[in-house]
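Here the structure is laid out as structure tokens; the discussion comes afterwards.
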Amino acid sequence: MGKMFDSLLPEHEAFIRRQHLFFVGSAPLSAEGHVNLSPKGYDALRILSPNEVAYLDLTGSGNETAAHLEENGRITVMFAAFEGQPLILRLYGKGQVILPGSADWERLEGLFPKLSGARQIILVTIHGVQTSCGFGVPLYSYEGDRETLVKWAENKGDSGLKEYRRQKNAVSLDGLPSSYAE
């Protein structure tokens with residue numbers, strides 16, 4: 001049922017572009033550490049090449065993915081078809097946290113819409129692409145993006161977001177340090 005590929009094929013890229021939701025998985029090296037799984041929405045993911053994607057990461061209640069990437073680089077990005085033909089597609093790779101002000105940020109930020117609360121870009125170098133049937137994934141219809149997170153960030157403003165990130169995004173659940181946008 002499942003197939004492995006070394007890079008994205010054109011049909012994989014077309015599938016990804018149709019998705020409104022994806023999930024990001026990461027974990028610390030410690031066996032006692034917490035595995036993190038985060039849903040991501042908005043128009044926040046870009047395919048840069050058959051072996052590279054990037055997504056704009058918005059300020060949230062934690063910054064687990066960044067902490068895990070800084071410790072070990074491991075990341076999985078998963079897409080599931082909730083509409084149309086069933087399919088699950090996973091991207092296995094190494095991730096890098098790109099912070100505002102860096103040369104990579106300047107190179108990549110223009111690829112994404114301007115969203116309040118953007119704190120970093122996660123750049124993923126893909127070493128494996130896996131497809132599987134997705135027969136067990138239910139059908140759902142996309143109604144639109146929730147505006148709550150963006151409005152929350154707009155209301156916080158730049159200084160409020162900086163303080164929030166200092167308080168909530170500097171350390172993972174397992175005590176791993178995390179870079180965050182100052």
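- The closest side-chain heavy-atom distance from Ile122 to Leu69 is below 4.5 Å.
- Checking side-chain atoms of Asn169 against main-chain N and O of Gly60 turns up a donor-acceptor pair under 3.5 Å.
- No donor-acceptor pair closer than 3.5 Å links the side chain of Arg90 to the backbone N or O of Gln130.
- Thr59 places a side-chain N or O within donor-acceptor distance of the main-chain N or O of Gly117, the cut-off being under 3.5 Å.
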Problem - Check against side chain to side chain donor-acceptor pair (under 3.5 Å), Tyr140 and Glu83 - result: CA-CA 6 Å; Tyr140 285 98; Glu83 299 175 310; over 6 Å; no
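- Between atom NE2 of residue His20 and atom OG of residue Ser141 there is a gap of 10.0 Å, rounded to the nearest 0.5 Å.
- Taking 4.5 Å as the limit, some side-chain heavy atom of Asp104 sits within range of a side-chain heavy atom of Gln96.
- Distance alone, capped at 3.5 Å, places no donor-acceptor pair between the Glu52 side chain and the Ile126 backbone.
- At a threshold of 4.5 Å between side-chain heavy atoms, the hydrophobic network of Ile, Leu, Val, Met, Phe, Trp and Tyr places Leu56 and Phe23 in two separate groups.
- From Lys162, atom NZ reaches atom CZ of Arg165 across 8.5 Å, with rounding to the nearest 0.5 Å.
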Practice task
Could you give me the CA-CA distance, side-chain angles and deciding distance for Val97 and Glu70, then say whether side chain to side chain contact (heavy atoms under 4.5 Å, CB included) is met?
Solution key: CA-CA 7 Å; Val97 179; Glu70 290 169 13; 4.0 Å; yes
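- Nearest heavy atoms, Gly93 versus Val124: CA-CG1, 4.3 Å.
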Problem - Steps toward side chain to side chain contact (heavy atoms under 4.5 Å, CB included) verdict (Trp152, Leu161) - result: CA-CA 10 Å; Trp152 170 85; Leu161 284 170; 3.8 Å; yes
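- A donor-acceptor pair is defined here as one N or O able to donate and one able to accept, closer than 3.5 Å; such a pair exists between the side chain of Ser30 and the backbone of Glu32.
- Taking each heavy atom of Glu64 and Asn36 in turn, the nearest pair found is CB-CG, 3.5 Å.
- Residues Pro28 and Gly33 approach most closely at CG-CA, 3.5 Å, considering heavy atoms.
- Contact of the Leu87 side chain with the Phe79 side chain is not registered, since no non-hydrogen atoms from C-beta on lie closer than 4.5 Å.
- Within the 4.5 Å cutoff, the side chain of Pro50 has heavy atoms near those of the Glu13 side chain.
- No single ILVMFWY cluster, assembled from side-chain heavy atoms under 4.5 Å apart, contains both Leu91 and Phe82.
- Residues Leu108 and Trp105 share a hydrophobic cluster, clusters being chains of Ile/Leu/Val/Met/Phe/Trp/Tyr side chains in contact below 4.5 Å.
- With hydrophobic clusters built from ILVMFWY side chains whose heavy atoms lie under 4.5 angstrom apart, Met78 does not share a cluster with Phe15.
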Problem - Audit row: Lys151, Glu154, salt bridge (charged side-chain N to carboxylate O under 4.0 Å, His left out) steps and yes/no - result: CA-CA 5 Å; Lys151 289 182 190 271; Glu154 287 171 357; 5.6 Å; no
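- Side-chain contact between Asp57 and Lys40 is present, with heavy atoms from C-beta onward closer than 4.5 Å.
- Taking 4.5 Å as the limit, some side-chain heavy atom of Leu48 sits within range of a side-chain heavy atom of Leu123.
- Heavy atoms from other residues, nucleotides or ligands lying under 6.0 Å from CD of Gln85 number 12 at most.
- Within the 3.5 Å criterion, the main-chain N or O of Leu45 finds no donor-acceptor partner in the side chain of Tyr42.
- Side chains of Ile47 and Arg17 form a contact here, defined as non-hydrogen atoms less than 4.5 Å apart.
- Contact annotation: the side chain of Ile75 never approaches that of Lys94 to less than 4.5 Å [non-hydrogen atoms, C-beta and beyond].
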Practice task
Take Arg74 and His68, measure what side chain to side chain contact (heavy atoms under 4.5 Å, CB included) needs, and give me the verdict at the end.
Solution key: CA-CA 7 Å; Arg74 298 177 304 167; His68 296 160; over 6 Å; no
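- Using modelled atom types, one side-chain atom of Asn63 and one backbone atom of Ser179 make a donor-acceptor pair closer than 3.5 Å.
- Here the shortest heavy-atom pairing between Ser7 and Asn51 reads CB-OD1, 3.0 Å.
- A 6.0 Å sphere centred on CD of Gln167 holds more than 12 heavy atoms belonging to other residues, nucleotides or ligands.
- Separating the OG atom in Ser159 from the OH atom in Tyr164 is a distance of 15.0 Å, to the nearest 0.5 Å.
- At least one donor-acceptor pair under 3.5 Å links the side chain of Asp174 to the backbone N or O of His34.
- Ala66 and Ser178 make their closest contact through CB-OG, 3.5 Å (heavy atoms, listed as atom of the first residue, atom of the second, distance).
- Across Ser38 and Thr65, no two heavy atoms sit closer than the pair OG-OG1, 4.4 Å.
- The main-chain N or O of Gly128 is never found under 3.5 Å from a side-chain atom of Asp6 such that the two would form a donor-acceptor pair.
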Exercise for the section: Could you please spell out the steps behind the side chain to side chain contact (heavy atoms under 4.5 Å, CB included) verdict for Ile98 and Gln120? Expected result: CA-CA 6 Å; Ile98 308 297; Gln120 58 206 8; over 6 Å; no
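- Between Tyr55 and Phe22, a ring centre-to-centre spacing shorter than 6.0 Å is recorded.
- How far CG of Leu176 is from CD of Glu71: 4.5 Å, rounded to the nearest 0.5 Å.
- Both Ile121 and Leu115 sit in one connected hydrophobic cluster of ILVMFWY residues. Membership requires side-chain heavy atoms under 4.5 Å apart, directly or through other members.
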